[in-house]
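For reference, the structure is listed below as structure tokens.
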Amino acid sequence: MRSITSRNSAPRSERSPDSTIADVLIRDGRIAGLGDAAEDVCAGVLWGAVQASNAGVTTVADWAHNLGSGAGIEANLRALHDSGIRARLYFGGKASSSGDYSRYEAQARHLQAAHAARQQDGRIALGLALRGPSMATPAENEYEFALAREPGVPISLHAGMAGLSGAVDQLGRQDLLGPDVNYVHANEFTEQEWEQVAQSGGTVSATPTVEMTMGLGTRPAVGAALEHGVPVGLGADTVAYGPSDLFAEMRLALAAERSRATAQPINRGEMPAELRHGHLDMMDLATRGGARVLGLADQVGEIVVGKQADLITLDLSTPHLDSFDNPVLAAFLSAGPRDVDTVIIGGRILKRRGTLTGDLLRQAHREMRSSRARIRGRSP
């Protein structure tokens, strides 16, 4: 799973799936200004992480672009540590309509120092969430890529969304492509862009629900990535606009890819002779695939000797999951967050017998409600 930010504490009336990405950018720019206090950042990140772990997600990419102060940066780190979840924190500075990123370098260094001081068990890794060619000038791209590559942290950027074409081509012209770059969405990549990403070793994150409901593209990039040999992982984008679990994302990814792959024979009035990609492929993208695109494949993604003890169990005794002979397929077709019985991250049990352990849920719920009240109080 990817992307939890302080937007998670936004009022529900501001969180609508019936919005285009343009609407969201305008709305989030307004909400971000109301919810960027450190206590609101902490509440939003903690609430998003709790939703994720409750749904059986053990690792997130926190694409954080509402951090306008040192206190906010430290609050984001604190929330991730307190939640018990594993994360790659992609720091994106402070999104604003003015596009002022003059403090970005100083803030990134503050994050690195705060992370080094707090890091204890290795659960939290860092990266930079860059604006990329769709939102920054060529000179700004070179500057921001250098900020990431100097300390050697991975890069994530949004690219290939409808109406924002040519990002990979621009990076190629600037000689900025590389295996350290993760492209979020990639729905409308051209054949040339796919070849460049594949040749440079880049990775892709696909978030089917948000992409298809908000008009980022006509289909998720899962099939195209697989066909070009590009590592791809599944995510949920943001819990403010979509589901917090990967079960739904796996099913939608498979349905969308089947629709794409069978369109030609169906349009000719023929029955498809084969169905490319299956449920095990999608499960791989939600587990090992996510680990690969986050640069964590040496630590997590599969249950093998030497890797971290990050795993979940499902309650298969319910009517919709008690299958005849294939529990894996039953889980793929019908499981959801309520079926997650146990969640273990780094050997620590976060959920047992269907309930989050300790006081974490009550704490997160309390902080989220307080934050929501504060943000509503600041609204014009």
Side-chain angles (χ1 to χ4, degrees), residues 1-3 5 21 25 60-65 88-92 95 125 127-136 138 140-142 144-145 147-149 153-212 214-238 249 253 256-257 260 285-286 288-297:
M1 181 184 180
R2 59 167 302 279
S3 195
T5 75
I21 186 62
L25 290 174
V60 298
D62 183 354
W63 224 89
H65 47 86
R88 170 79 71 183
L89 171 54
Y90 285 111
F91 175 66
L128 289 189
L130 304 187
R131 290 176 288 175
S134 299
M135 303 177 189
E140 289 169 335
N141 284 326
E142 289 190 10
E144 293 178 14
F145 269 69
L147 287 181
R149 285 173 172 165
V153 297
I155 294 165
S156 182
L157 58 89
H158 286 64
M161 298 179 291
L164 297 172
S165 61
V168 174
D169 289 331
Q170 178 61 41
L171 293 177
R173 287 191 291 271
Q174 294 186 253
D175 195 27
L176 294 175
L177 300 171
D180 56 347
V181 184
N182 168 249
Y183 304 90
V184 182
H185 302 311
N187 305 86
E188 301 300 309
F189 275 2
T190 63
E191 178 64 25
Q192 177 174 299
E193 287 182 304
W194 278 116
E195 291 175 358
Q196 291 181 86
V197 172
Q199 292 169 6
S200 63
T203 65
V204 163
S205 293
T207 62
T209 297
V210 163
E211 291 163 0
M212 297 187 70
M214 297 179 67
L216 274 63
T218 57
R219 62 185 65 87
V222 168
L226 291 173
E227 290 166 6
H228 287 85
V230 173
V232 55
L234 285 179
D237 199 291
T238 169
E249 299 297 340
E257 177 52 27
R260 180 190 76 92
L285 300 188
R288 289 185 294 188
R292 285 190 289 263
V293 302
L294 292 180
L296 300 174

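Nothing here was measured: the structure is a model prediction, and the numbers come from that model.
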**Request:** Please test V204 against V293 for side-chain contact (heavy atoms from CB on, under 4.5 Å), starting from the C-alpha separation and ending with a verdict.
**Result:** CA-CA 7 Å; V204 163; V293 302; over 6 Å; no
**Fill in**
Rounded to the nearest 0.5 Å, the OG1 atom of T209 sits from the CE atom of M214 at a distance of 11.5 Å
**Asked** Quick one: do the T218 and N187 side chains pair a donor with an acceptor below 3.5 Å?
**Response** no
**Request:** For the pair Q196 and L177, evaluate side-chain contact (heavy atoms from CB on, under 4.5 Å) and give the outcome as yes or no after the intermediate values.
**Result:** CA-CA 8 Å; Q196 291 181 86; L177 300 171; 3.8 Å; yes
**Fill in**
Of all heavy-atom pairs linking A221 and A206, the shortest is N-CB, 4.5 Å
**Prompt:** CG of L234 to CG of L285: how many Å apart, nearest 0.5 Å?
**Reply:** 5.0 Å
**Request:** Over 60° means perpendicular and under 30° means parallel, so classify the ring planes of F189 and Y183, tilted if in between.
**Result:** perpendicular
**Prompt:** If you take all heavy atoms of A148 and I155, which pair is closest and at what distance?
**Reply:** CB-CG1, 3.4 Å
**Message:** Using a strict threshold of under 4.0 Å (side-chain N to carboxylate O), is an ion pair present between R149 and D180?
**Reply:** yes
**Message:** Under a 3.5 Å cutoff, is there a donor and acceptor pairing between the side chains of E249 and T207?
**Reply:** no
**Request:** To the nearest 0.5 angstrom, please state how far the CG atom of L296 sits from the CZ atom of R288.
**Result:** 15.5 Å
**Message:** Let me confirm one number: the CE-OG distance from M161 to S134, rounded to the nearest 0.5 Å.
**Reply:** 6.0 Å
**Fill in**
For V232 and A225, the nearest pair of non-hydrogen atoms, with its separation, is CB-CB, 3.8 Å
**Message:** Can you give me the closest heavy-atom contact between Y90 and A61, atom names plus distance?
**Reply:** CE1-CB, 3.9 Å
**Request:** Give every residue pair that meets the salt bridge (Lys or Arg N to Asp or Glu O under 4.0 Å) criterion with at least one member in residues 164-177, sequence neighbours excluded.
**Result:** none
**Request:** Show your working on side-chain contact (heavy atoms from CB on, under 4.5 Å) between R131 and H65 and close with a plain yes or no.
**Result:** CA-CA 10 Å; R131 290 176 288 175; H65 47 86; over 6 Å; no
**Request:** Can you measure from OG1 (T203) to CG (N182) and round to the nearest 0.5 angstrom?
**Result:** 3.5 Å
**Message:** So does L294 get a backbone contact from the side chain of R88, meaning a donor-acceptor N/O pair under 3.5 Å?
**Reply:** yes
**Request:** Please check if the side chain of Q170 supplies one atom and the backbone of A167 the other of a donor-acceptor pair under 3.5 Å.
**Result:** no
**Message:** I'd like to know if E257 and R219 make a salt bridge, using a cut-off of under 4.0 Å between side-chain N and carboxylate O.
**Reply:** no
**Item:** Closest contact, heavy atoms only, V184 versus S156
**Value:** CG2-OG, 3.3 Å
**Request:** Could you verify whether a donor N or O on one side chain and an acceptor N or O on the other, from Q199 and E195, lie under 3.5 Å apart?
**Result:** no
**Message:** Tell me the closest heavy-atom pair linking F145 and L176, and the distance in Å.
**Reply:** CE2-O, 3.4 Å
**Asked** Can you find a pair of side-chain heavy atoms, one from P133 and one from L171, that are under 4.5 Å apart?
**Response** yes
**Request:** Quick one: pull up CD in E188 and CG in L216 and give me the separation to the nearest 0.5 Å.
**Result:** 9.0 Å
